[in-house]
Amino acid sequence: MLLLCCDYHMHTPRCGDASGTYEEYVEKALERGLREIGFSGHSPQYFLPREHRRRESAIPEEELEDYIQEVEALQEKYRGSLEIRVGLEVDFVPGHERELERIVHTFPWDYLLLSVHYLGDWPFDHPKYIGRYKEWDINDLFATYFRVLREGVETGYFDAVAHFDLPKKFGFRPTREIPEMDEALLACQRYGVSLELNTAGWRRPVGEAYPSLDILVRARDLGLSVCVGSDAHRPEDVGRDFEKAEDLLGRAGFTSVVRFTKRQKIPAVFREHTSCG
């Protein structure tokens, strides 16, 4: 029986990189035995000039209110069957905090996921631009990434960090310890930011979850909490590989995850109980 029953990283048809209807995501969640889900569409590309912003990877800012209303309609439709939260996966780009603040504070989010997908103008996790890894010393790349991630945590705007060690997506790994990674974890501790165990890594070339076991152990030692997300961009990936996630969290020493509502965290034990209630 599935013990982890909250999936907080699911995309929306308003993101151009996601397929399926809202109802298809919800029905797959029910089929998988989930008790709670959260839609977390990609945030508007507030850091780009308006003429360069693309629906293919983001919800347009003028549609955020529509997105929230659509999720709220689902909450009513499935009341009593499934708890549904409204979140946002927000790309953090240094220097654009003022534009980011508008998105964070204008809308009634249940939770906000911090993501870093860009280093400068390079969307480093996009397969189309994988060749640019050759331009970097791999250790410098990871150090730069974790510095940006730490800056995002230190804004105080976020509830959890999505796919914490994302630069490993294509199998690239540092060849030494990266102090900036520990600094990012310590920032999470100071600001009360959770880590997301993101199961999409098992569907990527790296073949392992984000973050890795050793990072999860460090997070546990620091007293950080974790949430779980499938990063589903299609309905069939909702709740995918959650059995593996249960095992990984257990190996790292976690016995509970967190739930979100109105920017508040609620602990949910998963090792001794069979539901998140």
Side-chain angles (χ1 to χ4, degrees), residues 4-12 14-15 18 22 25-26 29 34-44 46 58-59 61 64-75 78 82-92 97 100-117 149 152-164 166 184 187-200 210-211 219 224-233 238-239 242 245 249 254 256-270 276-277:
L4 290 176
C5 51
C6 307
D7 187 344
Y8 288 116
H9 198 149
M10 295 165 41
H11 288 272
T12 159
R14 286 194 178 271
C15 300
Y22 286 106
Y25 285 81
V26 172
L34 299 180
R35 294 277 303 281
E36 187 168 318
I37 61 172
F39 284 96
S40 53
H42 288 294
S43 68
Y46 63 91
I59 301 173
E61 188 166 353
L64 283 178
E65 191 167 340
D66 294 329
Y67 160 58
I68 292 170
Q69 290 174 354
E70 288 162 352
V71 177
E72 288 176 342
L74 290 170
Q75 292 171 342
Y78 289 93
L82 187 70
E83 294 290 337
I84 301 176
R85 307 301 183 197
V86 57
L88 197 68
E89 180 186 4
V90 183
D91 264 307
F92 175 73
E97 289 81 359
L100 169 60
E101 184 176 10
R102 181 178 66 250
I103 293 170
V104 167
H105 294 307
T106 302
F107 302 96
W109 309 113
D110 283 309
Y111 63 97
L112 294 170
L113 301 177
L114 165 62
S115 291
V116 175
H117 291 101
L149 192 69
V153 171
E154 290 174 345
T155 64
Y157 292 155
F158 299 101
D159 302 294
V161 176
H163 34 61
F164 183 83
L166 183 60
C188 289
Q189 182 191 50
R190 289 196 304 274
Y191 286 83
V193 175
S194 303
L195 292 194
E196 174 202 58
L197 174 55
N198 184 305
T199 65
Y210 311 108
L224 301 185
S225 59
V226 294
C227 61
V228 184
S230 63
D231 210 340
H233 286 70
V238 173
F242 272 30
L249 287 173
F254 286 95
S256 65
V257 293
V258 290
R259 300 165 59 192
F260 297 111
T261 180
K262 304 302 181 187
R263 309 300 305 276
Q264 299 297 313
K265 296 179 183 178
I266 304 168
V269 174
F270 73 89
C276 291

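When a residue number appears, it is its place in the shown sequence, counting from 1.
- Side-chain N or O atoms of Tyr46 include none that pairs as donor or acceptor with a backbone N or O of Arg102 at under 3.5 Å.
- Here the options are Val104, Leu64, Ile68, Thr12, the test is side-chain contact (heavy atoms from CB on, under 4.5 Å), and the partner is Leu88; only Leu64 passes.
- Side-chain contact check for Phe242 versus Leu34: some heavy-atom pair is nearer than 4.5 Å.
- Among residues two or more places apart in sequence or in another chain, the ring pair (Phe, Tyr, Trp, His ring centres under 6.0 Å) test is passed with Tyr67 by none.
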Could you walk me through whether Tyr22 and Arg14 pass the side chain to side chain contact (heavy atoms under 4.5 Å, CB included) test, one step at a time? CA-CA 10 Å; Tyr22 286 106; Arg14 286 194 178 271; 4.1 Å; yes
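- Tyr210 and Glu196 are not linked by any side-chain donor-acceptor pair at a separation below 3.5 angstrom, with hydrogens and angles left out of the test.
- In terms of modelled atom types and a separation under 3.5 Å, the side chain of Asp7 and the main chain of Gly239 share a donor-acceptor contact.
- Summarising the local packing, CD of Glu65 is surrounded by 12 or fewer heavy atoms from other residues, nucleotides or ligands at distances under 6.0 Å.
- With Ser40 contributing its side chain and Met10 its backbone, the two residues share a donor-acceptor pair below 3.5 Å.
- No side-chain donor-acceptor contact under 3.5 Å links Arg85 to the backbone of Tyr111.
- Checked by atom type and distance alone, the side chain of Asp91 pairs as donor or acceptor with a backbone atom of His117 at under 3.5 Å.
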Show your working on salt bridge (charged side-chain N to carboxylate O under 4.0 Å, His left out) between Arg259 and Glu83 and close with a plain yes or no. CA-CA 11 Å; Arg259 300 165 59 192; Glu83 294 290 337; 5.9 Å; no
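- If you look at Tyr157 and His105, their ring centroids are closer than 6.0 Å.
- Side-chain atoms of Glu89 never come within 3.5 Å of backbone atoms of Leu113 as a donor-acceptor pair (strictly under, hydrogens ignored).
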